[in-house]
S.K.: 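This is the structure I have questions about; it appears just below.
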Amino acid sequence: MVAVAWFANNASLDFKDKNGTSLTIAALQGITVEPKYEMVELYGMEDLRRAAVARHSLKVNVTVKYAKWDAAADTIFNQVVGSDFTSATKNVPPMFSLTASFKSLPASAGETQQTQTYTVTDIVFDGVPINMNQNEFITREMSGTGRMVTMTGVAS
């Protein structure tokens, strides 16, 4: 198969409320997803070269940027900061999921278009930065970590 060019064009951030209902709360315009393990390297006494490597502690680092939200609800801010503190939930962070898809740009008229979709689950954000620059659209850029990322690819 020939390598193709890709064009990012579709992403959303979802939140699952207390009733288990999934709400799409933001259309995203900038995303970085980076699955990353911690690595442990073993060296011996007599050899300068690495003897073995083991990986552990998968984290999926996520950075999202968005520019439109509902001021009356502002679900992301209210969930991350915490609008309803109860003794049962005050230490439990809200969980988000992210779905991002992009399509290939066919090189020729007969070439099949491909779609790749990445889904990151159980994302926690530790804050919601609010940057206000004069004479510019307000955007939010948040960083967090997810539990797992999966990828699916299809040709259409």
Side-chain angles (χ1 to χ4, degrees), residues 1 3-44 47-70 73-105 114-133 136-155:
M1 180 172 274
V4 294
W6 296 91
F7 185 75
N9 60 350
N10 184 7
S12 64
L13 185 66
D14 302 318
F15 171 71
K16 197 170 278 190
D17 68 12
K18 293 175 189 172
N19 302 321
T21 305
S22 185
L23 309 166
T24 299
I25 53 175
L28 306 175
Q29 65 181 47
I31 303 163
T32 302
V33 174
E34 181 186 11
K36 197 171 186 177
Y37 290 94
E38 289 190 39
M39 299 291 189
V40 177
E41 298 176 333
L42 174 68
Y43 291 88
D47 197 343
L48 299 177
R49 295 169 292 175
R50 182 174 63 197
V53 178
R55 65 182 185 175
H56 64 90
S57 303
L58 172 67
K59 282 187 177 181
V60 182
N61 296 325
V62 175
T63 302
V64 297
K65 186 175 183 178
Y66 63 100
K68 292 177 71 174
W69 62 89
D70 179 3
D74 203 352
T75 306
I76 295 173
F77 182 84
N78 286 328
Q79 292 303 321
V80 172
V81 172
S83 59
D84 61 342
F85 293 116
T86 66
S87 60
T89 62
K90 66 181 174 186
N91 292 335
V92 179
M95 298 286 182
F96 296 85
S97 62
L98 171 121
T99 303
S101 297
F102 46 90
K103 297 183 182 294
S104 66
L105 300 174
Q114 300 175 45
T115 303
Q116 240 178 321
T117 302
Y118 291 88
T119 303
V120 183
T121 55
D122 296 339
I123 303 168
V124 292
F125 295 105
D126 59 1
V128 181
I130 302 165
N131 300 315
M132 296 177 230
N133 296 317
E136 290 186 16
F137 284 107
I138 304 296
T139 59
R140 288 183 178 161
E141 186 169 340
M142 302 187 321
S143 296
T145 56
R147 181 174 184 268
M148 183 53 129
V149 60
T150 57
M151 187 280 299
T152 55
V154 296

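Sequential numbering from 1 along the given sequence is applied to the chain's residues. A quick note: this is a predicted structure, and the numbers were derived from the prediction, not measured.
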S.K.: List the residues meeting side chain to side chain donor-acceptor pair (under 3.5 Å) with Thr117, not counting sequence neighbours, and say none if there are none.
M.R.: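 With neighbours one apart ignored, the set is Ser101.
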S.K.: For Arg147, which residues count as a salt bridge (Lys or Arg N to Asp or Glu O under 4.0 Å) partner, sequence neighbours excluded?
M.R.: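 For Arg147, no residue satisfies salt bridge (Lys or Arg N to Asp or Glu O under 4.0 Å) once neighbours in sequence are set aside.
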S.K.: Give me the atom names and distance for the closest heavy-atom approach of Val149 to Pro35.
M.R.: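 Distance-wise, the nearest heavy atoms are CG1-CG, 3.6 Å.
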S.K.: So do Val124 and Met95 actually touch side chain to side chain, heavy atoms under 4.5 Å?
M.R.: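 Answer yes - side chains close enough.
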S.K.: For Ser143 and Thr63, which heavy atoms make the closest approach, and how far apart are they?
M.R.: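 For Ser143 versus Thr63, the nearest heavy atoms are OG-OG1, 3.4 Å.
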S.K.: Could you state the interatomic distance from CD1 (Ile123) to CE (Met148), rounded to the nearest 0.5 Å?
M.R.: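 CE of Met148 is found 13.5 Å from CD1 of Ile123.
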S.K.: Tell me, please, which residues at least two apart from Glu41 pass salt bridge (Lys or Arg N to Asp or Glu O under 4.0 Å).
M.R.: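 Only Arg50 meet the salt bridge (Lys or Arg N to Asp or Glu O under 4.0 Å) criterion with Glu41.
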S.K.: Would you say that Met142 contacts Pro129 through its side chain, given a criterion of any heavy-atom pair below 4.5 Å between the two side chains?
M.R.: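 With C-beta onward as the side chain, the pair touches.
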S.K.: For Asp47, which residues count as a salt bridge (Lys or Arg N to Asp or Glu O under 4.0 Å) partner, sequence neighbours excluded?
M.R.: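 Here the qualifying residues are Arg49.
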S.K.: Quick check: do Val33 and Val60 have side-chain heavy atoms less than 4.5 Å from each other?
M.R.: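 When only atoms from C-beta onward are counted, Val60 and Val33 do touch, with a gap below 4.5 Å.
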S.K.: In Å, rounded to the nearest 0.5 Å, how long is the span from CG of Asn133 to OG1 of Thr139?
M.R.: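 One gets 8.0 Å once the value is rounded to the nearest 0.5 Å.
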S.K.: Which value, rounded to the nearest 0.5 Å, describes the distance between Leu98 atom CG and Thr119 atom OG1?
M.R.: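 Rounded to the nearest 0.5 Å, the CG-OG1 separation comes out at 8.0 Å.
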S.K.: Within the 4.5 Å heavy-atom criterion, are Tyr66 and Arg140 side-chain neighbours or not?
M.R.: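 Yes, side chains in contact.
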S.K.: For Gln116, which residues count as a side chain to side chain donor-acceptor pair (under 3.5 Å) partner, sequence neighbours excluded?
M.R.: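 Here the qualifying residues are Tyr118.
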S.K.: Which heavy atom of Tyr37 sits nearest a heavy atom of Leu58, and at what distance?
M.R.: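 Tyr37 and Leu58 have their closest heavy atoms at CE2-CB, 3.6 Å.
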S.K.: Would you please name every residue forming a ring pair (Phe, Tyr, Trp, His ring centres under 6.0 Å) with Phe125, sequence neighbours left out?
M.R.: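 Phe125: ring pair (Phe, Tyr, Trp, His ring centres under 6.0 Å) contacts with Phe96.
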S.K.: If I take atom NZ from residue Lys36 and atom NZ from residue Lys59, how far apart are they, to the nearest 0.5 angstrom?
M.R.: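 One finds 9.5 Å between NZ of Lys36 and NZ of Lys59.
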